[in-house]
Amino acid sequence: MALLELREIRKSFKMGGGDLEVLHGVSLLIEKGEFVAMMGPSGSGKSTTMNILGCLDVPTSGDYLLEGKDVATLDNDELATIRNRMIGFVFQGFNLLPRTSALANVEMPMLYSGVGARERRRRAREALDRMGLGDRMNHDPSRLSGGQQQRVAIARGIVNRAPILMADEPTGNLDTKTSDEIMKLFQDLNVNEGITIVLVTHEADVAAYARRILRFRDGIIIDDEINARVRGADAV
Ligand code: ADP
Ligand code: MG
């Protein structure tokens, strides 16, 4: 059984009275422990596909199986629970709460998962330490660089110990050097902690860190290949 499976996914959006189909039958298997990059030009359907994989949106037709379970059979509560337990998210714009410390930002996802206050704090510290931010815990986002903010967001993404981390253009707002640092962190989480990573990017230099690269064009997957030259692999 695959960890994630999409079968003939189609997705339409209502547009000016009609329906615009943007995914035209996407099928995909992702196994536990993979590091997959979804590449393709702007508008090709990467984010729409990731939102479906992340249970943030639902397909118009086709099936999505998460750990073999058909997501369409879950009610909203079950879906929220499974999303919280299984999936961490990282976004291009970091999406941190302003005027809120790094520590409190990282504690956020645990507010909904029944972890006690003391344990929340302990795990948030641990996740921030893991991201090299041990000395920035009490800083709010406005006092952190872009790269530091994204590391806080990654700490928040892993703090629930979800086995899957999904990132949509996580380096889109960062310079090249900082992008490389962030990608090495993703790679390290994948290699050393077995976290399955699904990454959206339109940059080849960023996708190069993944072991598998999917290429989207016009709402379908046109290519799915193993990356024979993984970047940074020797450094992990
Ligand atoms: P990518 O992430 O590859 O840039 P998206 O998946 O965001 O592409 O978008 C694919 C297509 O779907 C684009 O043409 C986009 O304009 C359209 N689209 C995405 N979300 C919506 C929405 N909520 N309503 C209408 N159209 C949308
Ligand atoms: Mg996108």
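Numbering of ligands and ligand atoms starts at 1, following listing order. We count residues from 1, following the sequence as given.
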Within the supplied structure, the quantity of interest is the number of heavy atoms (other residues, nucleotides, ligands) at a distance under 6.0 Å from D135 CG; does it exceed 12? yes
Of the listed options H202, M38, K46, R217, closest to atom 3 (O) of ligand 1 (non-hydrogen atoms): K46
Metal proximity, M50 vs the Mg ion (ligand 2), N/O/S cut-off 2.8 Å: no
Linking I/L/V/M/F/W/Y whenever any side-chain heavy atoms sit under 4.5 Å apart, do L214 and F186 land together? no
Under 4.0 Å from atom 5 (P) of ligand 1, can you find at least one protein heavy atom? yes
Ligand 1 atoms in contact with S47 (distance to a heavy atom under 4.0 Å): 1 (P), 2 (O), 6 (O), 7 (O)
Under 4.0 Å, counting heavy atoms only: does G40 come that close to any atom of ligand 1? no
Of the listed options (G45, S44, G43), which comes nearest to atom 14 (O) of ligand 1 when hydrogens are ignored and any heavy atom counts? G43
Give the atom numbers and elements of ligand 1 that come within less than 4.0 Å of a heavy atom of P41. 3 (O)
Please list, in number order, the atoms of ligand 1 under 4.0 Å from a heavy atom of M15. 25 (C)
Show the numbers, then the answer: is there a salt bridge (charged side-chain N to carboxylate O under 4.0 Å, His left out) between D188 and R130? CA-CA 11 Å; D188 176 52; R130 181 84 174 72; 2.9 Å; yes
Mode of K14 contact toward ligand 1 - side chain, backbone, both, neither (heavy atoms, under 4.0 Å): neither
Geometric N/O contact F13 with ligand 1, under 3.5 angstrom: no
Given R121, which of R125, R118, E119 fulfils the side chain to side chain contact (heavy atoms under 4.5 Å, CB included) condition? R125
So is V22 polar-close to ligand 1, meaning N/O to N/O under 3.5 Å? no
Is T48 touching ligand 1 with its side chain, its backbone, both, or neither, if touching means heavy atoms under 4.0 Å apart? both
Strictly less than 4.0 Å: does any protein heavy-atom distance to atom 22 (C) of ligand 1 fall in that range? yes
Can you tell me if R217 has over 12 outside heavy atoms packed within less than 6.0 Å of its CZ? no
Please answer whether the main-chain N or O of K32 pairs with a side-chain N or O of T196 as donor and acceptor at a distance below 3.5 Å. no
So, the side chain of E78 versus the backbone of D75: is there a donor-acceptor pair under 3.5 Å, distance only? yes
Do M50 and I197 share a hydrophobic cluster, counting only Ile, Leu, Val, Met, Phe, Trp and Tyr and linking them when any side-chain heavy atoms are less than 4.5 Å apart? no
Please test Y209 against D180 for side chain to side chain donor-acceptor pair (under 3.5 Å), starting from the C-alpha separation and ending with a verdict. CA-CA 9 Å; Y209 285 91; D180 285 336; 3.1 Å; yes
